[in-house]
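Please read the structure below before turning to the comments.
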Amino acid sequence: MIGAVDIGGTKIAAGIVDADGRVLRGSQVPTNAQAGYRRAIESVVRMLRSAEKDTGQRITGIGVGSTGPVYPLTGEIGDVNFFPNWRGENPVKDLTDAFRVGVAIENDADAAALGEAGWGTGRNKTRLVYVTVGTGIGAGLIFDGKVYRGVDYSHPEIGHHLIDPSGPSCYCGFNGCWESLATGPAMEAWMAANILADDAHREKLTAEKICDLSRAGDAVARQTVEREARYLGLGLANLVTLYVPDAIVLGGSVMKSADLFLPTIHERIAASCRFVPYERTEVSLASLGDDANLIGAARVWYHRFARNGDSHGD
Ligand SMILES: [Zn+2]
């Protein structure tokens, strides 16, 4: 029974995941970063203890997925946009002290990638690229069951690879990186800039609403969706060219409307990747649903501590 913790910019979830990747009990609290790290970690301990009590199970290890950067080797939180005052705090150490079990942390995109690779649609894939598209774009690379890392266990920032240098500016300092062009907020910004000032749809545009409008035949919404599909396709084609994975697994809130984007994504990949066997890369949708983050967090523990990362390892 693995304790799973997902630390995000707006909420923190924690629960217990069994050896088959099922969430037995989970709960969540708002992150409330300003209230401080100490309060957040106390909430995590409380949620895990109450999950133990509710299920009558004992946690034998804990996996954490967190918005990054985090340092998996030391367990420390880095310079995270959402909680600037938490830098240097160490959830691995604090949870180890509280529960006396093995604890491991990874960037949340790597955690979700491990979840899909272990218990989801990426099962049995040797080379897996997981991409989540929502308010940001995150990606995790899993090769032979292991997270691909840069130097110092760093997490490559695929969401910030450059697509169009003349594109909009991004908080990372670049112009036209993938995240500035192909997220939900990027769709909202583009549509807002391209509809008439008195258009009734102007208020409260969301990616989901834009997709609904597109399905209903709204011309600008259709253009917005087509633009989104084109930029998603360009970024994914780059990943196919660079890594030629067995599978690309797509998750995140924007991908709930994947049917609108997939035809153009496939066209883009076919048009851009002629020097690699792109047709062998399977593009599929994440399969772990709303519990994906907790399931991925549990998988972080297996990845670090179980033999061969096997869910039934000792
Ligand atoms: Zn960027």
Side-chain angles (χ1 to χ4, degrees), residues 6-10 31 33 65-72 77-87 106-113 129-142 147-194 205-207 210 224-243 245 248-255 257-258 261 264-265 268-269 272 286 293 296:
D6 174 43
I7 304 176
T10 55
T31 303
S66 174
T67 183
V70 295
Y71 299 98
I77 289 172
D79 190 7
V80 180
N81 254 6
F82 297 110
F83 22 88
N85 302 323
W86 295 17
R87 188 178 190 154
E106 298 286 354
N107 172 286
D108 52 3
D110 285 332
V129 176
Y130 171 82
V131 178
T132 173
V133 186
T135 52
I137 295 183
L141 310 173
I142 310 289
V147 172
Y148 170 82
R149 303 180 193 282
V151 68
D152 274 348
Y153 275 45
S154 57
H155 169 77
E157 288 292 343
I158 286 172
H160 295 277
H161 87 275
L162 215 59
I163 299 281
D164 177 2
S166 67
S169 65
C170 177
Y171 62 91
C172 71
F174 269 145
N175 281 67
C177 55
W178 203 15
E179 182 154 314
S180 75
L181 289 164
T183 56
M187 290 176 73
E188 291 150 36
W190 193 85
M191 178 144 175
N194 286 279
L205 274 179
T206 62
I210 294 168
T224 311
V225 163
E226 202 35 53
R227 176 181 181 273
E228 171 69 10
R230 205 166 56 242
Y231 283 130
L232 284 175
L234 275 174
L236 293 172
N238 287 345
L239 296 182
V240 172
T241 295
L242 290 168
Y243 301 109
I248 293 179
V249 178
L250 301 172
S253 58
V254 170
M255 282 304 153
S257 304
F261 310 123
T264 301
I265 287 173
R268 266 287 132 206
I269 291 173
S272 316
N293 287 358

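Every number for a ligand or one of its atoms is a count from 1 in the order of the listing.
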- Query: When rounded to the nearest 0.5 angstrom, what is the spacing between CD1 in Ile210 and CE in Met187?
  - Reply: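 It comes to 5.0 Å.
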
- Item | Glu106 versus Pro72, closest heavy-atom pair with distance |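 Taking every non-hydrogen atom into account, OE1-CG, 3.5 Å.
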
- Query: Looking at His161 versus Phe174, is the centre-to-centre ring distance below 6.0 Å?
  - Reply: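 Ring-ring flag for His161/Phe174: false, centres at least 6.0 Å apart.
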
- Message: For a 4.5 angstrom cut-off between non-hydrogen side-chain atoms, does Phe261 reach Val133?
- Response: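 They are not in contact (no side-chain heavy atoms under 4.5 Å apart), so the answer is no.
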
- Message: Strictly under 2.8 Å of the Zn ion (ligand 1): which protein N/O/S atoms qualify?
- Response: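 Near the Zn ion (ligand 1), below 2.8 Å, one finds His160 ND1, Cys170 SG, Cys172 SG, Cys177 SG.
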
- Item | Residue from Asp164, Ile137, Leu236 passing side-chain contact (heavy atoms from CB on, under 4.5 Å) with Tyr231 |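 Going through the options one by one, the only one that passes is Asp164.
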
- State which residues pass side chain to side chain contact (heavy atoms under 4.5 Å, CB included) with Ala258; sequence neighbours excluded, sorted by chain then number.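 Result, side chain to side chain contact (heavy atoms under 4.5 Å, CB included) vs Ala258: Met255, Leu262, Leu285.
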
